[in-house]
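Throughout, a chain's letter reflects where its sequence line sits, starting with A, and its residues are numbered from 1.
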Amino acid sequence: MNFSKSLIQWYLLNKRDLPWRNTTDPYLIWLSEIMLQQTRVAQGLPYFLRFTEAFPTVFDLAEAEEEQVLKLWQGLGYYSRARNLHQTAQKIASDYQGQFPQSYSELLQLKGIGDYTAAAIASFAYNESVPVVDGNVYRVLARYFEVETDIASSDAKKEFTALARELLPKGEANVFNQAIMEFGAMQCVPKNPDCNHCIFNDSCAALQKKKVAALPVKSKKNKVKDRWFHYVIFADEQHHTLVQKRSAKGIWHNLYEFPLIETTASEPEADVEKRIVQQKLVPNAIQSVHRDATASTLHKLSHQHLHIDFWKVRVKGTLKGGTDWESVKKLPFPVVIFNFIEKERY
DNA sequence: AATGCGGGGAG
DNA sequence: CTCCCAGCATT
């Protein structure tokens, strides 16, 4: 039996039962695909369940406030996905009467939908014959066919897409695309795959040449930038505090945070304390300033290491624009900040 | 063609 | 610790 037929047969016997596989509703498929970009199924699944409960249809999502969407997305990361999701829902609701476009090329026009996601929706919802190429597909094909092209290079995408297109059985895009990704996620895993119990252990080129661990080739190395965040948690006489929405380009766009003093290097506590007092973040008289030593943490993102301190500042009177703690908890925050908020007792 | 964007799980 | 996950937008 050929590669594709074997793969589909394996899939039908071994596939996981996942909620977005029991539907051809493009809304649900779209939602799952956006959530699963660069995200493991185990991490995305609870979010998918919460989203579909909160927003059963694309109209429900379109009518929501962005803040509510971001709150539900809190902790999943890559928040531009949530913002684009919301924007696109509004476009589908208003320009398309709630009906998703039904072709790969039309789907590709929508915000947040790239080559992979357009192919996934088109094949899963409409069985259009377009190949999906994600991290799983790179790995499975690179190993089985011993493709040594650096998958971080620009032409790798074309090469692997062309290969996947050739392998796509006519009329079976839906099941084949699901199959090759599931195979990559469950069997042909990045580290220490169980090749002894693989259906392709007599035909996989990488296995025969003992190159499984070396494929796929991926060159990328990312430089990590260090940043120092000093968050100021004010508390006035009403036990209210201050939060602000991050509006600048960069991480956590449109999420909330406490007033922030960022330094380009680690600084002595006394210097930071001086900054907090001298910057006059609020007009109120300051009663006390101290760093919450137990809350300090190193938060690691893919490209940044954030050295985060939390400073508690008691002030006299009433903070202008202050918010009570229970209301604060309802806003969308980066997880590292939300973890602090949840531990905090007021 | 490169870079920025999150958070977490596996080894 | 490193790698990488059902990638996309921007430059």
By nearest heavy atom, map A:Lys223 and A:Leu255 onto DNA chain B; which one lands nearer the 5' end? A:Lys223
Whole-Å distance, A:Arg83 CZ to B:dG6 C1', equals 12 Å
What does A:Gly250 touch in the nucleic acid at a heavy-atom separation under 4.0 angstrom: a base, only the sugar-phosphate, or nothing? sugar-phosphate
Starting at CZ of A:Phe338 and ending at P of B:dG6, how long is that distance when rounded to a whole Å? 18 Å
Atom pair distance, as rounded to whole Å: CZ in A:Arg81 and P in B:dG4: 19 Å
Can you figure out which of C:dC4, B:dG7, C:dT10 approaches the side chain of A:Lys111 most closely? C:dT10
Neighbours of DNA chain C within residues 98-110 of chain A, by heavy-atom distance under 4.0 Å: A:Leu110
Does the side chain of A:Ser154 get closer than 4.0 angstrom to OP1 or OP2 of B:dA1 through an N or O atom? yes
Ignoring backbone atoms, establish whether A:Lys225 has a side-chain N or O less than 4.0 Å from OP1 or OP2 of B:dG4. no
With the side chain of A:Gln43 defined as its heavy atoms from C-beta on, choose the nearest nucleotide among B:dG11, B:dG7, B:dC5. B:dG7
Between A:Asn84 and A:Met181, whichever has its closest DNA chain C nucleotide further toward 5' is A:Met181
Any Lys/Arg nitrogen of A:Lys245 or A:Glu257 sitting under 4.0 Å from an Asp/Glu carboxylate oxygen of the other? no
Residues in residues 118-146 of chain A with a heavy atom under 4.0 Å of DNA chain C, by number, are A:Asp134, A:Gly135, A:Asn136, A:Arg139
A:Glu269: what forms a side-chain hydrogen bond (donor to acceptor under 3.5 Å, both in side chains) with it, not counting sequence neighbours? A:Arg291
Go through C:dA6, B:dG6, C:dC5 for me and flag the one nearest to the A:Tyr79 side chain. B:dG6
Has the side chain of A:Thr117 got a donor or acceptor atom sitting under 3.5 Å from an opposite partner on the base of C:dG7? no
Taking for A:Leu76 and for A:Ala152 the nucleotide of DNA chain B with the nearest heavy atom, the one nearer the 5' end belongs to A:Ala152
With respect to the phosphate group of B:dA1, does any side-chain polar atom (N or O) of A:Lys157 fall under 4.0 Å of OP1 or OP2? no
Mind telling me whether A:His299 and A:Trp252 have parallel, tilted or perpendicular rings, with 30° and 60° as the class edges? tilted
Roughly, in whole Å, what's the span from NE2 in A:His86 to P in C:dC8? 21 Å
Does OP1 or OP2 of B:dG7 have a side-chain N or O of A:His299 closer than 4.0 Å? yes
Parallel, tilted or perpendicular, judged at 30° and 60°: which one describes the rings of A:His307 and A:Trp228? parallel
May I ask you to say whether A:Glu262 pairs ionically with A:Arg275, meaning some side-chain N is under 4.0 Å from a carboxylate O? no
Atom P, compared across B:dT3 and C:dA6: separation rounded to whole Å: 25 Å
Could you check whether A:Asn177 gets within reach of a base, just the sugar-phosphate, or nothing at all, counting any heavy atom under 4.0 Å? nothing
Below 4.0 angstrom, which residues in residues 28-41 of chain A have at least one non-hydrogen atom near DNA chain B? A:Gln38, A:Thr39, A:Arg40
Are OP1 or OP2 of B:dC5 and a side-chain N or O of A:Gln304 less than 4.0 angstrom apart? yes
A:His305 atom NE2 is separated from B:dG6 atom P, nearest whole Å, by 15 Å
Members sharing A:Val189's hydrophobic cluster, built from side-chain contacts under 4.5 Å between Ile, Leu, Val, Met, Phe, Trp and Tyr, are none
Taking atom NZ of A:Lys343 as the centre, does the number of heavy atoms from other residues, nucleotides or ligands within less than 6.0 Å exceed 12? yes
Who passes side-chain hydrogen bond (donor to acceptor under 3.5 Å, both in side chains) against A:Asp292, sequence neighbours left out? A:Thr294
Are the aromatic rings of A:Trp73 and A:Tyr47 close, with centres under 6.0 Å apart? no
Output the rounded distance in Å from NE2 (A:His303) to P (B:dG7). 13 Å
Is it true that the side chains of A:Ser6 and A:Gln9 contain a donor and an acceptor less than 3.5 Å apart? no
Which class fits the ring pair A:Phe3 and A:Tyr144: parallel under 30°, tilted 30 to 60°, perpendicular over 60°? tilted
Considering only atom C1', compute the distance from B:dG7 to C:dT10 and round it to an integer number of Å. 22 Å
Verify the contact: side-chain N or O of A:Tyr78 to OP1 or OP2 of C:dC5, cut-off strictly under 4.0 Å; return yes or no. no
Mind running side chain to side chain contact (heavy atoms under 4.5 Å, CB included) on A:Gln304 and A:Val224 for me, showing each step along the way? CA-CA 5 Å; A:Gln304 301 183 23; A:Val224 176; 5.5 Å; no
Would you kindly say whether A:Ser129 and A:Arg165 are connected by a side-chain donor-acceptor distance under 3.5 Å? no
With rounding to whole Å, what would you report as the distance between B:dG9 and C:dC8 at their C1' atoms? 23 Å
Parallel, tilted or perpendicular: which fits the ring planes of A:Tyr231 and A:Phe229, with parallel below 30° and perpendicular above 60°? perpendicular
Whole angstroms only, please: what is the CG-P distance between A:Leu301 and B:dT3? 18 Å
Over how many whole Å does the gap from A:Trp252 atom CH2 to B:dC5 atom P extend? 11 Å
